[in-house]
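Input: a single structure, listed below in structure tokens.
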Amino acid sequence: MSVTVRFAPSPTGGLHIGGVRTALYNYLFAKKHNGRFILRVEDTDQTRFVEGAEQYIIDSLRWCGIEFTEGVHLGGPCVPYRQSERKALYATYSKELIEKGAAYYAFDTTEELDEMRTRLEASGVKSPQYNSITRNTMKNSLTLPQDEVQRRLAAGEPYVIRLKVPRKEEVRFHDEVRGWVVIHSSQVDDKVLMKSDGMPTYHMANVIDDHTMEITHVIRGEEWLSSTPLHVLLYRAFGWEDTMPKFAHLPLILKPEGTGKLSKRDADKFPQFPLEWTDTEGKTFKGFRELGYLPEALMNFLALLGWNPGGDEEIMDMNRLIEAFSLERIGKSGTKYDLAKADWFNQIYLRKKEDSDLLPEVRHELEKAGFPQKEDAFVLKVISLLKDRVTFIREFALHGKYFFQAPVEFDAEMHKSKWNENCPAWMNQIADTFENLQEWNHPSMDAAFKGWAATAGIGAGKVLPAFRLAITGMAFGPSTFDVAELIGKEDTLARLRYAAKNL
RNA sequence: GUCCCGUUCGUCUAGGGGUUAGGACAACUCCCUUUCACGGAGUAAACAGGGGUUCAAUUCCCCUACGGGAUACCA
């Protein structure tokens, strides 16, 4: 089976998480079947066009690890891949439809359309539509005399081209996710195909492009399910029904709480964009990248939002996802967007990384935190000690500050519960004991510590928390001896004496 | 309003005419750990409701409720 799929966003803003998932599923499907994967830009709405959005989409998908075989940024056999550059093609095809009698010119103004709707509503029509009945009362090439139509066209009067939806026809299509969907053509209105500015509408451009690009599977969000009958009618009008692509409508991603479809407008409430995005009002939203999510974790999380491999398997990298993916296992119901599990995936993938792979980014975080520079070996050691304890890379700086600077603030709760009046003296004694250590490492410190505690007649458990507090200032982290080993003898003794004096 | 789609633990989901309805995240408890994590063992937690069909329905059918989508010269 030869497969061609496409991801066709419109450059009206940042790419939100639903779009990323759609792109991901298309990518997985294409890869699985060794097919073509096209990035097509649907920029037919000039009023909503946002500068930079196209590049943003390309960059975002690249970061996600979603790769295309052809598209706006790559070129390919179906060039151009931007719909605004394919205008002539749509014009040609719309003429063809008119000649076939499957479409017609309509000259109605916005006011006249409104008038029609209010008039029909007043007379009790539930949902007023421009359709096989009402079109007879409107100004179009079906009602106007031919010479008047020609005259208006020649005079350059604004017009749209509408699909002449047949009165009584059954429209049925098989959705790969939902099964058979049947609808009657009387429920479809005479949709505008070509707008008065000469641009096609989504429906028109979409069908023509999918056909000319030989798309075999349309995998898109459920918001398109209700317009699919229209698309089927269009394929039928063109005589392309036998090569019509298969459809797979993805369940929608819903807001984490409350109701409704996730939209870009919610981006200030929870992360939605792969990369940082600044909207047209100058508002900047952090992306998953900036928040510290690893792309492989995000993809794993997203893949499982509306699809699953059937068993208990959850940790799946891109190759595994490609291998396991199938349209049949896509779910039908909407999915709430709950990032808690994404955090878990991030933790898993973070732990899977080699320490050295983490080094550049950890360094970046440390620098951002303003910590003094340390050699690679030192930072690598910090990474190995902290890796099991963090979910995000930025937490290396948060939870590991004591590796880079002596604590000046001490955890109040721990101070209260674990630090008593004997502690200053103990800390000094430990410092004295450590002073004489020949070897500076965890085992020797451990032995010396235990020896001191035994001769002093103190339970190690009573002193250890205080020791930790003196060295790190917090109640969190790897073994204090490991910390002490890494920061060195001099620093360790200084911290002990400082705590003895000041706590 | 109309049309279309959907409904299993809080969340993501498996399952499917007869099951102790399974897993994961999150929560909680315990173990390990003289901290925090990791790891391990547990606890709590779901078939929207009502009618059919059937020996049997969470599973099939219908209705209702609820949720979502579409109803633009936006995609």
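A, B, ... follow the sequence lines: proteins, then strands. Residue 1 opens every chain.
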(message) Strictly under 4.0 angstrom, non-hydrogen atoms only: write out the protein contact profile of nucleotides 41-47 of chain B, one letter per nucleotide from the 5' end, B, S or -.
(response) -------
(request) Just jot down the ring-ring contact (aromatic ring centres under 6.0 Å, His included) partners of A/Y93, sequence neighbours excluded, or say none. (result) A/F238, A/W240
(message) Rounded to whole Å, please give me the gap between CD1 in A/I330 and C1' in B/G6.
(response) 15 Å
(message) Suppose we screen for ring-ring contact (aromatic ring centres under 6.0 Å, His included). Which residues come up paired with A/F49, at least two apart in sequence or across chains?
(response) none
(message) Suppose we screen for ring-ring contact (aromatic ring centres under 6.0 Å, His included). Which residues come up paired with A/H203, at least two apart in sequence or across chains?
(response) A/H231
(message) What is the distance, to the nearest angstrom, from the CH2 atom on A/W180 to the P atom on B/G6?
(response) 15 Å
(request) Ignoring the backbone of A/L252, work out which of B/G6, B/C12, B/G68 is nearest its side chain. (result) B/G68
(request) Take the protein atom CD of A/E170 and the nucleotide atom C1' of B/C3, then report the distance between them rounded to whole Å. (result) 15 Å
(message) Rounded to whole Å, how long is the line connecting atom CZ of A/R178 with atom P of B/U7?
(response) 9 Å
(message) Measuring to OP1 and OP2 of B/U13, would you say a side-chain N or O of A/N308 lies under 4.0 angstrom away?
(response) no
(message) Which residues pass the salt bridge (Lys or Arg N to Asp or Glu O under 4.0 Å) test with A/K164, not counting sequence neighbours?
(response) none
(request) Map A/R351 and A/V182 onto RNA chain B by nearest heavy atom, then report which one ends up closer to the 5' terminus. (result) A/V182
(message) Ring of A/F107, cation from A/R152 - is the NZ or CZ under 6.0 Å from the centre and inside 45° of the axis?
(response) yes
(request) Figure out the CD1/P separation between A/I315 and B/C38, and round it to whole Å. (result) 14 Å
Using a cutoff of under 3.5 Å, can you pull out all pairs of nitrogen or oxygen atoms linking the protein to nucleotides 70-75 of chain B, with atom names and distances?
residue : atom : partner : partner atom : Å
B/A70   : O4'  : A/S226  : OG           : 3.0
B/C73   : O2   : A/S196  : N            : 2.7
B/C73   : O2   : A/S196  : OG           : 2.7
B/C73   : N3   : A/S196  : OG           : 3.1
B/C73   : N4   : A/D108  : O            : 3.3
B/C74   : OP2  : A/K195  : NZ           : 3.1
B/C74   : O2'  : A/D45   : OD2          : 2.8
B/C74   : O2'  : A/R48   : NE           : 3.3
B/C74   : O2'  : A/R48   : NH2          : 3.2
B/C74   : O2   : A/R48   : NH2          : 3.3
B/A75   : OP1  : A/T44   : OG1          : 2.9
B/A75   : OP1  : A/K195  : NZ           : 2.6
B/A75   : OP2  : A/Y202  : N            : 3.2
B/A75   : O3'  : A/E42   : OE1          : 3.2
B/A75   : O2'  : A/S10   : OG           : 2.9

(request) List the protein contact pattern of nucleotides 30-36 of chain B with one symbol per nucleotide (5' to 3'): B for base contact, S for sugar-phosphate-only contact, - for none; contact means a heavy-atom distance under 4.0 Å. (result) ----BBB
(request) Just jot down the side chain to side chain donor-acceptor pair (under 3.5 Å) partners of A/S444, sequence neighbours excluded, or say none. (result) A/N441
(message) Can you list everything that forms a side chain to side chain contact (heavy atoms under 4.5 Å, CB included) with A/R86? Sequence neighbours excluded, please.
(response) A/P80, A/L89, A/Y90, A/D209, A/T212, A/M213
(message) Before we go on, tell me: are the rings of A/Y202 and A/W224 under 6.0 Å apart, centre to centre?
(response) yes
(message) Any carboxylate oxygen within less than 4.0 angstrom of a Lys/Arg side-chain nitrogen, looking at A/E169 and A/R236?
(response) yes
(request) Would you please indicate yes or no on a ring centroid separation below 6.0 angstrom for A/W307 and A/Y25? (result) no
(message) Holding to salt bridge (Lys or Arg N to Asp or Glu O under 4.0 Å), I want the full list of residues that pass it with A/E112, two or more places apart in sequence or in another chain.
(response) A/K139
(request) Ignoring backbone atoms, test whether A/Q347 places a side-chain nitrogen or oxygen under 4.0 Å from the OP1 or OP2 oxygen of B/A37. (result) no
(message) Base contacts versus sugar-phosphate-only contacts with protein, heavy atoms under 4.0 Å: please encode nucleotides 19-25 of chain B as B, S and - from 5' to 3'.
(response) ----SBS
(message) With a 3.5 Å distance limit and no angle check, can you tell me whether A/R48 reaches the backbone of A/T12 through a side-chain donor-acceptor pair?
(response) no
(message) If we ignore hydrogens and angles and just use 3.5 Å, is the side chain of A/D355 paired with the main-chain N or O of A/K381 as donor and acceptor?
(response) no
(request) Tell me the partner of B/U53, counting only Watson-Crick (N1-N3 plus N6-O4 or O6-N4) or G-U wobble (N1-O2 and O6-N3) with both under 3.5 Å; none if nothing fits. (result) none
(request) To the nearest Å, give me how far apart CG (A/D343) and C1' (B/U11) are. (result) 13 Å
(message) What's A/R329 touching, base or sugar-phosphate or nothing? Going by heavy atoms closer than 4.0 Å.
(response) sugar-phosphate
(request) Nearest whole angstrom, please: distance from the P of B/C12 to the CZ of A/R21. (result) 12 Å
(message) The criterion is side chain to side chain donor-acceptor pair (under 3.5 Å); which residues satisfy it with A/R6, sequence neighbours excluded?
(response) A/D210
(request) To the nearest Å, give me how far apart CG (A/L262) and P (B/G68) are. (result) 13 Å
